[in-house]
Every structure is written in C-alpha cells, then in structure tokens.
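Written out below as structure tokens is the structure these notes cover.
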Amino acid sequence: MRHRTAYDSLLIFLYSTGKESLIPMELRNTIPHSTKSTWRSIDFSKYRGSELRGCLDQPLEQAELYLRYKELKTVHRALTRMFVSVYPLLDLVKTALFQVKQHRELLVETILRFKNTLAIEKALKLFR
C-alpha cells in the first residue's frame, strides 16, 4: 500500500495565496511539483469561513517584506564594504586609468573580481 505524505494546512494556504516564498527552501524542495500545482489551484471561496482569510493578508505581506529586507541588507552591506575599499583608489588613478592600457587591465580585473557581488553594468557605472 502506498503511503501519502500529510502536509500542514498552513503550507497549502501559503501556496494557494502565492506566498510560498515564506516557506524555507529545504521544505519547498521536498514537496512534489504536482502537489504544489494542485495547491495553487485551490479555490478557497467554496469553503465555509473563507472570508476570514483576509485577516491574514497584512501579516503575510509583513513577513514577505521582512525576508526581502534581510536579503537587501546583506547585499547593501557587501556593496558598501566594496565601495569603501575601492573608492580611495579611484581618486589616485582616475586620470591615468583611462590613458594607460595597463591600468585598463587592472580596472577590468578589479571589476571581474567583484562580479559576484556587484553586477558588471553597475561596476562599469561606478568606475566610470
């Protein structure tokens, strides 16, 4: 006999409202795709008491904002550290940087070194 996994109703609710980003990735990866798809298509309006779901909209939005803020805070901190360490060098070599070919190579190497932290387009704007 095949065993079916039972899931908490909160998981089903989060998927049906499109808030699955609040579920840890490790747990999301263990749920089969077909199960997630079924949960996303559930129409809760046919259930008695579904009008109470509106009470949960604001707390869920706040939880999503909190998670986004945590990620942005980490990115901002990394960018600030990089900028603080590189900015003094820009003033020292700014004029020679675009005139001498070997300095251009140094600039490209520096941009490539930070490509995982900062997008190349942003780095090009930063280094002018």
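- T35 places no side-chain N or O within donor-acceptor distance of the main-chain N or O of I31, the cut-off being under 3.5 Å.
- Of the inter-residue distances, the one linking E20 atom CD with M25 atom CE reads 10.0 Å to the nearest 0.5 angstrom.
- When side chains are defined from C-beta on, S21 counts as touching E64, because their heavy atoms get closer than 4.5 Å.
- Residues passing the salt bridge (charged side-chain N to carboxylate O under 4.0 Å, His left out) test with E61: none are found, sequence neighbours excluded.
- Contact annotation: the side chain of L11 approaches that of L27 to within less than 4.5 Å [non-hydrogen atoms, C-beta and beyond].
- Using modelled atom types, no side-chain atom of S37 and backbone atom of H33 make a donor-acceptor pair closer than 3.5 Å.
- Hydrophobic cluster membership differs between I23 and Y69, with clusters built from Ile, Leu, Val, Met, Phe, Trp and Tyr side chains linked at under 4.5 angstrom.
- T17 contributes atom OG1, which lies 8.0 Å from atom CG of L22 (distance to the nearest 0.5 angstrom).
- Using bins of under 30°, 30° to 60° and over 60° for the plane-to-plane angle, the ring pair W39/Y15 lands in the tilted bin.
- In the displayed structure, R81 atom CZ is contacted under 6.0 Å by at most 12 heavy atoms of other residues, nucleotides or ligands.
- Between K36 and R28, the shortest heavy-atom contact is NZ-O, 3.0 Å.
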